[in-house]
Amino acid sequence: MSLNLVNAGTAPGETSRRVLPFGTSAVWRKAPEALTLWVIVLAVALVAGWPLLRLASEAVFTDGAFDISPVQRALESRSTWRATVHSLETSFFGMVFAVLLGGLFAFLVALTDVRLKLPLVFCFMLPMMIPPQVTALSWIQVFGPSSALLNTLGIAPPPGSTNPVYSVQGIILLLGIQHAPLAFLLLRAAFRQIPRELIEAARMAGAGAGRIAAQIIVPLLTPSLVAAAGLTFVSALGNFGIPAMLGIPESYYVLPTLIYRRLTSFGPSIISDVAILAILVGVIGLAAVLLQNYIKSRIESRLMSKPGAPLFIPLKGLRPIVEAALWLIIVMILVLPLSALVATALVPAYGVGLTSTTASLENFQEVLFRQSATLRAFMNSGGLALVSAVALGLIAIPLGFFMVWQKNRIARIAAHLSEMPYALPGVVLSIAMILVFLQPLPVLGISLYGTMGIILVAYLARFLALAIKPVIAGYEQLDPKLDEAARIVGASFFDRLFRIAAPLLGPVAAAGGILVFMTALNELTVSALLWSAGNETLGVLVFNLDDGGYTVLSSALAVITVLVIFAIMLGAQALNGILPRGVLPWTDDQPTPHGR
């Protein structure tokens with residue numbers, strides 16, 4: 001059987017007849033679409049699935065034979081269980097503090113008439129964008145007898161006093177501050193889903209404030225509270241920079257820092273040992289996610305209809321007091337530690353007070369113009385972040401096309417797979433990458449271990465979910481009939497992708513790329529285990545300088561890093577007018593008639 005085709009390029013009234021086997025033209029039209037799908041799925045499977053599968057096999061196979069002795073050895077070690085208890089302790093209480101602080105800001109920003117909401121939220125989100133090791137370093141500079149800021153003010157503790165930040169409480173405090181913006185983002189949206197008419201009806205029925213809070217507001221907020229708790233717990237569990245800067249000097253190890261210590265030691269079984277520790281971290285994180293999902297499944301808190309006007313609480317005479325309290329919190333969690341960091345960067349030696357005679361820019365000149373590692377670290381981090389952002393943006397648009405518009409099951413599986421490296425602690429991904437790329441790649445014979453390539457692959461796997469989620473949300477807001485109409489008129493797959501989907505989804509993909517760039521630029525948890533000489537990233541260099549005793553140089557580099565992050569956030573804010581509402585996390589996600 002054959003199929004007659006009319007050449008669309010002939011003049012009106014003319015036909016150009018080609019005889020092809022039945023179905024051949026359909027196959028050729030589908031070929032680019034199918035090939036693109038499988039290339040993307042294969043790429044996601046290689047960067048996200050293969051390393052985690054290799055990590056799991058390392059724990060129970062030795063030289064190709066099934067062997068559980070490494071697991072037994074790790075589980076019998078007292079240091080393993082001590083670090084596990086420390087991880088649970090710091091992550092749990094850090095999560096509690098993050099939810100309380102983030103929830104307070106979310107409530108006041110979402111439901112009240114406080115003024116200057118945009119700069120308030122911008123400042124509150126900044127700690128999440130600042131590298132955790134920089135956050136830890138800035139807080140170290142606030143307290144203790146060597147604090148340049150306290151010595152300048154003449155209130156430094158006597159020499160020999162202990163810096164209170166080097167403690168379990170210090171780690172918990174900073175983990176809470178670092179991850180409070182995550183809780184804020186989830187809870188702000190939840191607060192705005194509380195319908196005003198429901199509260200007004202309860203008041204008319206005679207319910208008091210306590211009963212309204214207990215029987216209406218808390219049940220409606222519970223799913224988001226559980227989600228915020230799970231997200232901040234897993235994020236704190238995988239945090240390396242804060243426990244490393246504050247815990248290692250006091251020999252207080254959590255699982256990520258124990259893995260770092262083991263990996264820097266030597267021994268024939270070191271890879272198996274750290275693989276098992278990494279799996280233990282992953283199991284705890286997975287257990288937290290499963291517990292979160294179980295709790296949410298047991299909660300019934302759905303609204304019967306779409307909420308109308310959101311709840312609004314005018315503060316009236318309390319507004320100046322509340323605003324002053326919010327800005328005081330910003331001063332305590334952001335301005336004070338950064339001021340101490342700047343003061344330390346301006347003095348010639350750690351412990352010297354900042355005066356008109358001691359202040360200088362010598363440390364900035366040293367790290368910028370004399371230390372070759374600084375420029376190299378900026379180029380490495382900037383290059384890795386830029387390539388990751390562009391590559392992941394290019395992957396996200398076609399993957400979202402297949403997943404949402406085509407409703408392809410394989411694309412959906414690939415999208416879910418991409419979330420695993422981001423959901424698991426970064427140290428787990430690092431060990432998985434080491435296991436995969438420690439030996440030369442099959443067939444190619446190329447080894448990525450000890451090169452920038454292994455960090456790039458890890459970044460692609462780690463931040464793929466950040467790039468995909470905004471694009472998927474953008475596709476869901478568009479009508480898939482756009483693609484159907486283009487298909488009917490004969491548009492090819494690439495025409496539909498690049499002339500319809502890409503222009504419409506470009507701003508969302510760009511916003512996702514900005515988030516990837518900012519996150520990758522200050523990353524430490526993954527690169528701390530993957531870097532090598534000449535391949536340092538900014539996060540690694542700040543950590544190494546402080547660990548080597550060059551505190552004033554580390555502080556100067558940290559200040560420069562914060563300024564770069566701040567400049568990128570301001571640049572992204574300048575583009576907010578052409579981006580969909582709510583894409584940038586610190587901007588308002590919906591129009592509100594109050595508190596502007």
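Residues take their numbers from the sequence shown, with the count starting at 1.
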Closest contact, heavy atoms only, L541 versus A373: CD2-O, 3.7 Å
In Å, rounded to the nearest 0.5 Å, how long is the span from OH of Y350 to CG of L553? 14.0 Å
Side chains of S147 and Q141, donor plus acceptor under 3.5 Å: no
Heavy-atom donor-acceptor pair, S555 side chain to A345 backbone, under 3.5 Å: no
Begin with the C-alpha distance, continue with both residues' side-chain angles, and end with the deciding distance and a verdict on side-chain contact (heavy atoms from CB on, under 4.5 Å) for F543 and S554. CA-CA 8 Å; F543 176 74; S554 178; over 6 Å; no
Say whether, by atom type as modelled, one donor and one acceptor occur between the side chain of T257 and the main chain of V254 under 3.5 angstrom. yes
Enter the distance from L326:CG to L104:CG here, rounded to the nearest 0.5 Å. 6.5 Å
For residues V562 and V134, determine if any side-chain heavy atom of one lies less than 4.5 Å from a side-chain heavy atom of the other. yes
How close do A83 and L258 get, counting heavy atoms only, and between which atoms? CB-CD2, 3.7 Å
When every non-hydrogen atom of C123 is compared with those of W327, the smallest separation belongs to SG-CZ3, 4.2 Å
Roughly how far, to the nearest 0.5 Å, is the CG atom of L231 from the CG atom of L182? 5.0 Å
Going by side chain to side chain contact (heavy atoms under 4.5 Å, CB included), S235 matches just one of H179, Q178, M95, M128. Which one? H179
Kindly say whether L429 contributes a backbone atom to a donor-acceptor pair with the side chain of R462 at under 3.5 angstrom? no
Looking at F93, I want to see if its CZ is surrounded by more than 12 non-hydrogen atoms of other residues, nucleotides or ligands under 6.0 Å. no
Atom CE in M245, atom OG in S138: separation rounded to 0.5 Å? 9.0 Å
Any side-chain donor paired with an acceptor under 3.5 Å for T358 and T355? yes
Distance (rounded to the nearest 0.5 Å) between L108 CG and L120 CG: 9.0 Å
Are V347 and V552 side-chain neighbours, meaning at least one heavy-atom pair lies under 4.5 Å? yes
List the atom of P145, the atom of P158, and the distance in Å for their closest heavy-atom pair. CB-O, 3.5 Å
Please assess W531 against N544 for the test side-chain contact (heavy atoms from CB on, under 4.5 Å), listing each intermediate value before the final yes or no. CA-CA 11 Å; W531 75 280; N544 287 346; 3.3 Å; yes
Indicate yes or no for a side-chain donor-acceptor contact from S87 to the backbone of L255 under 3.5 Å, with no hydrogens or angles considered. yes
Only pairs at least two apart or in different chains count here, so list each ring pair (Phe, Tyr, Trp, His ring centres under 6.0 Å) that has a residue in residues 114-169. F105-F124, F122-F566, F122-W586, F124-F184
For L237 and V281: C-alpha separation, side-chain torsions, deciding distance, then whether side-chain contact (heavy atoms from CB on, under 4.5 Å) applies. CA-CA 8 Å; L237 180 70; V281 179; 4.2 Å; yes
Report yes if the side chains of T84 and I284 come closer than 4.5 Å at any heavy-atom pair, otherwise no. yes
Taking E323 for the side chain and R115 for the main chain, is one N or O donor matched with an acceptor at less than 3.5 Å? yes
With side chains defined as the heavy atoms from C-beta onward, is the minimum distance between F233 and L291 less than 4.5 Å? no
Please check if the side chain of N380 supplies one atom and the backbone of T537 the other of a donor-acceptor pair under 3.5 Å. no
Closest heavy-atom pair and its distance - R319, V114: CD-CA, 4.2 Å
For I171 and I242, work out which heavy atoms get closest and say how close. O-CG2, 4.1 Å
From CD1 (I295) to CG (L225), nearest 0.5 Å: 11.0 Å
Before you tell me yes or no, could you show the steps for F97 and L174 under side-chain contact (heavy atoms from CB on, under 4.5 Å), namely the whole-Å CA-CA distance, both residues' side-chain angles and the distance that decides it to 0.1 Å? CA-CA 9 Å; F97 182 64; L174 268 61; over 6 Å; no
Spell out, as yes or no, whether a donor-acceptor pair under 3.5 Å connects the side chain of D546 to the backbone of L137. no
Non-hydrogen side-chain atoms of L126 and M569 separated by less than 4.5 Å: yes
Please, which pairs that meet salt bridge (Lys or Arg N to Asp or Glu O under 4.0 Å) have at least one residue in residues 347-369, sequence neighbours excluded? E362-R370, E366-R370
So do the side chains of F517 and L384 get within less than 4.5 Å of each other, counting heavy atoms only? no
F463 versus E523: any side-chain heavy-atom pair under 4.5 Å? yes
With a 3.5 Å distance limit and no angle check, can you tell me whether T344 reaches the backbone of A340 through a side-chain donor-acceptor pair? yes
How about Y252 and H86: are their ring centres within less than 6.0 Å of each other? yes
Are any non-hydrogen side-chain atoms of V322 and T112 less than 4.5 angstrom apart? no
